[in-house]
2 protein chains.
Amino acid sequence: MGEATARPLRADAERSVRVILEAAERVLAADPGASLEQVAAAAGVARTTVHRRFASRQALVEALASSAARRLADAVDDGRPDTAPPLVAMHRITANVLQVKGAWAFALEQAAEPSGEAADLQREVDRRCVTVLERARDEGLIDAAADLDWVRRVYYALLGETLRGDPAGDPDVLAARVVDTLLRGAGPRP
Amino acid sequence: MGEATARPLRADAERSVRVILEAAERVLAADPGASLEQVAAAAGVARTTVHRRFASRQALVEALASSAARRLADAVDDGRPDTAPPLVAMHRITANVLQVKGAWAFALEQAAEPSGEAADLQREVDRRCVTVLERARDEGLIDAAADLDWVRRVYYALLGETLRGDPAGDPDVLAARVVDTLLRGAGPRP
DNA sequence: ATTAACTGCATCACTGCTGTTGCGCTTCGT
DNA sequence: ACGAAGCGCAACAGCAGTGATGCAGTTAAT
């Protein structure tokens, strides 16, 4: 609705948008209350340029959220959630998502209003996530009586905790720990 | 150091401090950037009174963090982490902490500087938490090879996710789910 | 090569939050 | 009952962030 007449930007303008969004993620992740001045400085751009590309602070944050949500959705799709064997898909999706969420933590935390593009994409991600869990359950990897919505939320929480504590570990190792913990917990191994 | 000459407050002043801290938690949890004006209004107090009791916004937030950290430490202690059977202690501590963290979410998220009272209390809570996990491991409830620091972090993440999604469920039911998920994950039950 | 778009810079107005002070009234402590 | 401590209210100064504008110089697209 809002960007109906979005005529194409010139190459340098498009580059400005990109560097501003990247800088905004870095700066706002460190301090959510940081000023647009700081964002502009981190982007190597004048503050007025930020205002030229994004009508308001809110518009910038929304664009940031949408951008990150697209990357996240792509990361999930790349794991073939509908066709790959569940365990393979879970591992691959987890490794992908860890990288995207690590690089776009602030953007993905912004709760977009339910009508926005970011919220749509997030719902789609949730849907695909549950799909994988259902397929895992059908294969006996997850208890038949388990509440899949709770399992999904636990999965998200494990991702978040991994990123909080292990900012730059090997994605495959971290993903293996997440999946293992999700499926088997901390209890004794037979 | 800072509050060396803290002569006792009059009863009404102490009451002001209490209602301001409670209001600050409510208001700042809803919007971390809210003004002291809003906090004062929610507390039913004039803005100048807030400034009288807390020299600056930062001082208010620190006092809030310390206050909440004390409650959290008490909640853990109440579960007898050193003496009760591990599973009993885990359940009781979880139920207690769910209530405290639910009521003081914002305050407990404030990362105090390492020298403050809040940080000391948080470290003490971490320590007692690991103690319980060690006792659980010694009883065979947790795998002998498990990384207890990771287990503790998973435990915290499960608490956080529970509070995010189930704001006001029965603490005992929610605690049971947290402990069960922590120890056994989502996999099939024998 | 020409034009339209873009950027940086300087400047301005506006807003909202913070922190302080002074004064009169009320409430607590003893 | 008395005095000290606390409160609400009003007013003020200061500051930072936001958003807008005009202009001169640069860059991309045809």
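Sequence lines set the chain letters: A, B, ... in the order given, protein chains first and strands last, and positions in each chain run from 1.
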Regarding [X] and [Y], does a basic nitrogen lie under 4.0 Å from an acidic carboxylate oxygen?
X	Y	value
Asp149(A)	Arg152(A)	yes
Asp120(B)	Arg123(B)	yes
Arg128(B)	Glu124(B)	yes
Asp166(A)	Arg177(A)	yes

Are Arg80(A) and Val88(A) packed together at the side-chain level, in the sense that at least one heavy-atom pair is separated by less than 4.5 angstrom? no

Counting C-beta onward and ignoring hydrogens, is there a side-chain heavy-atom pair between Thr181(A) and Tyr155(A) closer than 4.5 Å? no

Given atom [atom1] of [X] and atom [atom2] of [N], what is their separation to the nearest angstrom?
X	N	atom1	atom2	result
Arg47(B)	dA11(D)	CZ	P	14 Å
Gln38(B)	dC17(C)	CD	P	7 Å
Arg10(B)	dT27(C)	CZ	C1'	5 Å
Leu9(B)	dG29(C)	CG	P	11 Å
Glu37(B)	dT15(C)	CD	P	17 Å

Side chains of residues 98-107 of chain A: which donor-acceptor partners sit under 3.5 Å, not counting sequence neighbours?
none

Ranking dT18(C), dG6(D), dG8(C) by distance to the side chain of Leu36(B), first place goes to dT18(C)

Restricting to non-hydrogen atoms, name the atom on Gly140(B) and the atom on Pro188(A) that form the minimum distance, rounded to 0.1 Å. O-CG, 3.4 Å

To check you understand the geometry: which heavy-atom pair defines the closest contact between Val132(A) and Pro86(A), and what is its length? CG1-O, 4.2 Å

Going by heavy atoms closer than 4.0 Å, what residues in residues 48-60 of chain B are next to DNA chain D? Thr48(B), Thr49(B), Arg52(B), Arg53(B)

Residue met sooner reading DNA chain C from 5', once Ser16(A) and Ala34(B) are mapped to nucleotides: Ser16(A)

In what stems does DNA chain D take part, counting only runs of at least 3 consecutive Watson-Crick or G-U pairs whose two distances fall under 3.5 Å? C:1-30 with D:1-30

Want to settle it: does Ala11(A) or Asp12(B) sit nearer the 5' end of DNA chain D, counting the closest nucleotide to each? Asp12(B)

